There are 2 protein chains.
Amino acid sequence: MNQDKLSLTFAALGDPTRRAILVRLSKGEASVSELAKPFMSEMSAPAITKHLKVLEKAGLITKGREAQWRPCKLNGEPFKEVSQWLEHYRQFWEESFDRLDEYLKTMTKATKKKGKKNVRKK
Amino acid sequence: MNQDKLSLTFAALGDPTRRAILVRLSKGEASVSELAKPFMSEMSAPAITKHLKVLEKAGLITKGREAQWRPCKLNGEPFKEVSQWLEHYRQFWEESFDRLDEYLKTMTKATKKKGKKNVRKK
DNA sequence: TGGTTATTTAACCGATAAGGTAATTATGAA
DNA sequence: TTCATAATTACCTTATCGGTTAAATAACCA
């Protein structure tokens with residue numbers, strides 16, 4: 001795998017099964033077999049074990065031990081790192097608002113000066 | 001690749017070269033060769049082309065054409081989707097605050113009742 | 001002890017990710 | 001037309017991913 005923490009995290013999140021496991025864990029701890037249940041028809045137990053390993057390596061979950069069960073729980077820290085990384089791009093996904101805002105400002109100015117200029121066709 | 005949009009996006013973000021490209025693009029449009037420049041020593045031009053294809057398929061960038069150049073620009077929408085997905089987990093990365101908060105509350109109550117209980121050692 | 005359940009490991013397989021080199025296409029300029 | 005630059009495509013290799021089945025390990029229960 002790609003070495004650095006963020007790459008491990010993003011790569012781990014890039015699989016729908018693993019994201020579904022995280023959704024389940026966001027509702028509370030669960031053993032491996034509980035986590036596997038929803039996928040029984042589509043996937044074997046070892047496949048789930050491997051997914052959990054990927055999530056664990058990324059630090060997204062931690063596994064405890066309780067008798068023969070391995071209760072998994074979600075760990076928030078990598079989510080935080082993703083969130084922080086993402087912040088750098090916030091302006092880009094809010095850009096449409098900026099554009100609308102700018103457009104409205106431009107229109108107002110234009111209207112004040114001499115009205116209707118640069119009016120979109122169609 | 002994994003079909004669904006979010007998986008494509010996360011997978012695309014799971015590579016440091018691609019994230020570096022996005023950082024560059026967050027500072028403004030750039031041609032393929034401009035984007036490739038910082039990686040020339042480590043990577044061939046076709047490798048960059050491929051990374052850009054991955055980013056493009058995830059909708060993270062769009063490529064235009066201007067003479068023989070393909071100016072790339074960042075597209076915010078997938079970032080937004082990641083951000084929205086991430087929101088579901090916010091409580092987990094802010095959990096430490098909750099714990100601290102809860103700890104302080106508990107301490108206050110305990111102090112009121114009979115003082116110093118569960119005081120941290122060291 | 002033997003049996004049952006939970007989980008992991010080992011070994012394997014097919015698909016694809018990520019890189020390389022060489023050749024090709026597209027465009028502009030001499 | 002020919003040359004130079006930008007970018008892509010084709011083809012190949014290697015490693016990793018995501019899954020399988022079969023076997024091993026761990027812990028409880030009778």
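Quick note on labels: first sequence line is chain A, next is B, and so on, each numbered from 1. Only a predicted model underlies this, so the values are computations on that prediction, with no experimental measurement involved.
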N/O donor to acceptor pairs below 3.5 angstrom from side-chain atoms of residues 53-64 of chain A, sequence neighbours left out:
none

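Against DNA chain D, the stretch residues 52-66 of chain B makes heavy-atom approaches under 4.0 Å through B/Lys53, B/Lys63. Taking a 4.0 Å limit (strictly below) on heavy-atom distances, residues 19-45 of chain B reaches DNA chain D at B/Ser31, B/Val32, B/Ser33.
Contact of A/Lys50 with D/dT20 (side chain to base): a donor-acceptor pair of N or O atoms is detected under 3.5 Å.
Computed from coordinates, the A/His51 NE2 to D/dT16 C1' distance equals 14 Å when rounded to whole Å. If you measure from atom CH2 of B/Trp69 to atom P of D/dT5, you get 11 Å, rounded to the nearest angstrom.
When all heavy atoms are compared, the tightest approach of B/Ser31 to B/Trp69 is CB-CD1, 4.0 Å. In this structure, A/Leu22 and B/Trp85 approach most closely via the heavy-atom pair CD1-CH2, 4.3 Å.
Under the 4.5 Å side-chain heavy-atom criterion for grouping Ile, Leu, Val, Met, Phe, Trp and Tyr, B/Val23 is connected to B/Leu74 within one hydrophobic cluster.
Centroid-to-centroid, the aromatic rings of A/Tyr89 and B/Phe79 come within less than 6.0 Å.
Of all nucleotides in DNA chain C, those with any atom nearer than 4.0 Å to a heavy atom of chain A start and finish, going 5' to 3', at C/dA6 to C/dA11.
Checked by atom type and distance alone, the side chain of B/Arg18 pairs as donor or acceptor with a backbone atom of B/Ala11 at under 3.5 Å.
Here the straight-line distance linking atom NZ of A/Lys50 with atom CE of A/Met43 works out to 11.5 Å at 0.5 Å rounding.
For A/Glu42, the CD atom is densely surrounded, since the number of other residues' heavy atoms within 6.0 Å is greater than 12.
Contacts of A/Ser83 classified as side chain to side chain contact (heavy atoms under 4.5 Å, CB included), with partners at least two apart in sequence or in another chain: B/Leu86, B/Trp93. Residues passing the salt bridge (charged side-chain N to carboxylate O under 4.0 Å, His left out) test with B/Glu34, sequence neighbours excluded: none.
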